[in-house]
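We use all heavy atoms of the structure for the numbers below, so side chains are in, but hydrogens, waters and symmetry mates are not. Chain A is the first sequence line, chain B the second, and so forth, proteins listed ahead of strands; every chain is numbered from 1.
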Number of protein chains: 2
Amino acid sequence: MQAPLKTGELARAAGVNVETIRFYERKGLLPEPPRRSSGYREYPIGAVRRIRFIQRAKSLGFTLREIKGLLELRVDPDTTCDVVRERATEKIADVRQKIADLRKIEKALRKLTDSCSGNGPKETCPILVHLETFQESSL
Amino acid sequence: MQAPLKTGELARAAGVNVETIRFYERKGLLPEPPRRSSGYREYPIGAVRRIRFIQRAKSLGFTLREIKGLLELRVDPDTTCDVVRERATEKIADVRQKIADLRKIEKALRKLTDSCSGNGPKETCPILVHLETFQESSL
DNA sequence: CTTGACCCCGTACCTAGGTACGGGTTTTAT
DNA sequence: ATAAAACCCGTACCTAGGTACGGGGTCAAG
């Protein structure tokens, strides 16, 4: 029989805030569920999995917009494994780019801290001097 | 004599939007400049360097809040090189943490795409299956 | 049958870092 | 002298991903 879930029950079951559920509905990540005559939402138990799907995809760095796309792929009968794989591959490229950007920043910062003994007055601090001095961005 | 700059001139000289200058002023990153009797702001030429400082610090991953702190350090007579170095070191730790997080994500995504041949129907796609299946977060 | 917990909705608020708009002065160039 | 350009201010808007609030209806236990 598996009784339908009320919003709060779904939220607890999925480990998210009630408001988050309504937010996802507004964003099109959760389909509008049937309503009781009183207006109360009635979620099928499967909704828990859908929310967990969203949370897991989020933890892999997908944005809600992208997750919406993944969820649509899941429903589309023409979707092949291939398309899904492609999304994941794109996301890897994304993540790698972010890592590369951060590494450049790390390197630049390291160069600065290495050049700074930590002694002496701020007037000669290589870090401040760097920030104060005109130069083509090293990044 | 070095004539003071009007807001638009400062913006052009520093390569930012006029609105950005007013925004920085509201945020306390730029001190309120003297005004002409008409209300027009009159910036000393040094303001250009201050804005460039902000832009460079931004490119090193500092937030505006942190940059405000750096600018205050610069003015504080008690600041030593040491304190500045510490800020940069903290930021490196920050950046490294972000890189580590992204690497975990990359690894998880790579594991998924590696496990997916790209052939076959979505029903058996290891990526979707992973997202759909309950499991302790691997991240 | 009442009371408290839960649900509804719309809207506002939050962080970060700006950008844009609109209506009213002032400056500047012709 | 007049018109365009630049400036002023306050406020609203933007992305992302929610969280919070307030007023009102509903549901279930005692």
### Query
Checking all strands, does K6(A) fall into the base, sugar-phosphate, or nothing category for heavy-atom contacts under 4.0 angstrom?
sugar-phosphate
### Message
Can you tell me if T20(A) touches the phosphate of dG17(D), counting only side-chain N or O atoms and a distance under 4.0 Å to OP1 or OP2?
### Response
no
### Message
Of the listed nucleotides (dG17(C), dC21(C), dG17(D)), which one gets closest to any side-chain atom of K58(B)?
### Response
dG17(C)
### Query
For R41(A) and dC7(C), is the shortest distance between a side-chain N/O and OP1 or OP2 below 4.0 Å?
no
#### Entry: Whether over 12 other heavy atoms sit under 6.0 Å from R110(A) CZ
yes
### Query
How many angstroms lie between CZ in R87(B) and CZ in F62(B), if you round to the nearest 0.5 Å?
9.0 Å
#### Entry: Those residues that, when tested against S38(B), pass side chain to side chain contact (heavy atoms under 4.5 Å, CB included) (two or more places apart)
R36(B), Y40(B)
### Task
Please list residues of residues 31-40 of chain A whose heavy atoms come under 4.0 Å from any atom in DNA chain D, ordered by number; otherwise none.
R36(A), S38(A), Y40(A)
### Message
Please report the distance, rounded to the nearest Å, between CZ in F23(B) and C1' in dC9(D).
### Response
17 Å
### Query
If you take atom types as modelled and just measure distance, does the side chain of R22(B) reach the base of dG18(C) with a donor-acceptor pair under 3.5 Å?
no
### Query
What is the distance, rounded to the nearest whole Å, between atom CG of L5(B) and atom C1' of dA6(D)?
14 Å
### Message
Quick one: does any side-chain atom of K122(A) pair with a main-chain N or O of D76(B) as donor and acceptor, under 3.5 Å?
### Response
yes
#### Entry: Under-4.0 Å salt bridge between R74(B) and E132(A)
yes
### Query
If each of E19(B) and G8(B) is mapped to the nucleotide of DNA chain D with the nearest heavy atom, which maps nearer the 5' terminus, i.e. the 5' end?
G8(B)
### Task
Compare the minimum distances between each of dC8(D), dT11(D), dA16(D) and the side chain of R26(B), then state the nucleotide with the smallest one.
dT11(D)
### Query
Taking NZ, NE, NH1 and NH2 as the nitrogens, is one of them in D94(A) or K91(A) under 4.0 Å from a carboxylate oxygen of the other?
yes
